Amino acid sequence: AQSVAQPEDQVNVAEGNPLTVKCTYSVSGNPYLFWYVQYPNRGLQFLLKYITGDNLVKGSYGFEAEFNKSQTSFHLKKPSALVSDSALYFCAVRDIGPRYSSASKIIFGSGTRLSIRP
Amino acid sequence: DTGVSQDPRHKITKRGQNVTFRCDPISEHNRLYWYRQTLGQGPEFLTYFQNEAQLEKSRLLSDRFSAERPKGSFSTLEIQRTEQGDSAMYLCASSFPGKETQYFGPGTRLLVL
């Protein structure tokens with residue numbers, strides 16, 4: 001079964017410092033990986049995805065993620081954190097759908113709360 | 001059309017009552033998904049539609065839950081005889097044919113008293 005794990009419940013970073021939010025995955029076949037962000041009392045916003053190609057994926061708001069096949073990781077990174085980056089971040093993987101459809105659900109990790117202090 | 005919309009945004013109900021939520025996907029998105037998110041957890045899949053066909057349902061979707069997408073556009077999620085354990089955020093998402101990215105609505109927060 002497809003799954004992702006986020007080993008850190010919370011990450012604290014000072015504004016201006018680089019940040020990393022960790023994610024590891026377990027999949028059958030090629031992984032389709034995502035990062036979403038959730039601000040308080042709001043739905044999820046898509047940040048970026050990896051399907052194929054370059055291992056470094058660039059996304060919204062200056063975020064990027066590095067796909068590492070040997071370590072089965074897909075860590076989210078940003079060179080310089082902003083206070084406004086404080087939110088809940090979810091790593092996710094596309095599940096294998098039924099044979100009769102190319103659509104499939106997304107399986108989410110448990111989330112990592114990112115807190116950026118001024 | 002700027003995104004997925006959901007109505008209502010908040011719902012408070014008494015145990016045993018029925019509730020219905022609506023989701024309007026992004027135009028031309030033929031796939032529509034429902035997820036449930038409880039406090040401190042990631043969203044969990046409930047069901048999804050391709051056009052009007054409901055293609056997959058999670059075991060989380062008990063007999064009290066039913067979802068429809070009659071014309072392949074908006075969708076409704078009904079919970080009958082609500083229980084306190086149904087209290088959660090119900091999220092709707094949609095995606096374009098052939099694309100993997102799902103775009104989420106703001107969610108409906110349900111509180112069952």
Side-chain angles (χ1 to χ4, degrees), chain A residues 1-10 21 23 25 27 29-53 57 59-60 65 87-113, chain B residues 2-7 9-10 21 23-26 29-61 69 72 89-109 111:
Chain A
Q2 318 289 73
S3 67
V4 290
Q6 296 181 245
E8 302 156 317
D9 290 336
Q10 176 131 2
V21 183
C23 173
Y25 65 88
V27 301
N30 295 323
Y32 286 16
L33 297 162
F34 306 85
W35 276 100
Y36 283 84
V37 60
Q38 187 173 35
Y39 297 99
N41 299 314
R42 295 178 65 177
L44 279 75
Q45 282 182 246
F46 169 73
L47 278 180
L48 50 81
K49 66 181 177 186
Y50 172 84
I51 295 178
T52 186
V57 181
S60 306
L88 192 54
Y89 290 80
F90 291 98
C91 182
V93 64
R94 176 187 185 264
D95 195 17
I96 298 174
R99 290 182 181 178
Y100 46 81
S101 171
S102 59
S104 57
K105 60 185 177 286
I106 290 177
I107 297 171
F108 289 87
S110 55
T112 298
R113 187 164 298 282
Chain B
T2 57
V4 179
S5 61
Q6 293 186 245
D7 184 70
R9 295 290 305 276
H10 304 274
F21 309 142
C23 171
D24 286 88
I26 295 171
H29 281 198
N30 71 336
R31 297 172 184 169
L32 187 149
Y33 309 79
W34 285 99
Y35 293 83
R36 182 173 70 184
Q37 184 180 21
T38 53
L39 205 59
Q41 301 296 319
E44 296 174 293
F45 169 76
L46 292 178
T47 188
Y48 80 82
F49 294 83
Q50 183 161 293
N51 299 312
E52 64 276 7
Q54 188 173 18
L55 297 186
E56 190 175 351
K57 293 192 289 187
S58 163
R59 282 172 288 181
L60 292 175
L61 214 65
R69 195 183 183 198
M89 173 82 90
Y90 290 83
L91 295 164
C92 177
S94 68
S95 67
F96 194 79
K99 299 295 185 183
E100 302 301 330
T101 303
Q102 296 179 21
Y103 294 91
F104 284 79
T108 294
R109 186 172 293 282
L111 178 60

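All chains are named by letter (A, B, ...) in the order of the sequence lines, taking the proteins before the strands, and each is independently numbered beginning at 1. Keep in mind that what you see is a predicted model, and the values were worked out from it rather than measured. Values below: every heavy atom of this structure, side chains too, minus hydrogens, waters and symmetry copies.
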How long is the span from the [atom1] atom in [X] to the [atom2] atom in [Y], to the nearest 0.5 Å?
X: B/Glu100; Y: A/Ser104; atom1: CD; atom2: OG; result: 5.5 Å
X: B/Gln41; Y: A/Leu88; atom1: CD; atom2: CG; result: 10.5 Å
X: B/Tyr33; Y: A/Lys105; atom1: OH; atom2: NZ; result: 10.5 Å

- Query: Where does A/Gln38 contact chain B at under 4.5 Å (heavy atoms): side chain, backbone, both or neither?
  - Reply: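 Just the side chain, heavy atoms under 4.5 Å.
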
- Relative to chain B, which segment of A/Ile51 carries a heavy atom at a distance below 4.5 Å: side chain, backbone, both, or neither?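 It is the side chain, since no backbone atom gets that close.
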
- Below 4.5 Å from any heavy atom of chain A, which atoms of B/Gln37 appear? Answer side chain, backbone, both or neither.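 Only the side chain of B/Gln37 comes within 4.5 Å of chain A.
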
- Closest non-hydrogen atom pair between A/Tyr36 and B/Thr101, with its separation: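 Taking every non-hydrogen atom into account, OH-CG2, 4.2 Å.
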
- Query: Taking all atoms of both residues into account, what is the closest heavy-atom pair of B/Phe104 and A/Leu44, and its distance?
  - Reply: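 Reported closest heavy-atom pair: CB-O, 3.4 Å.
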
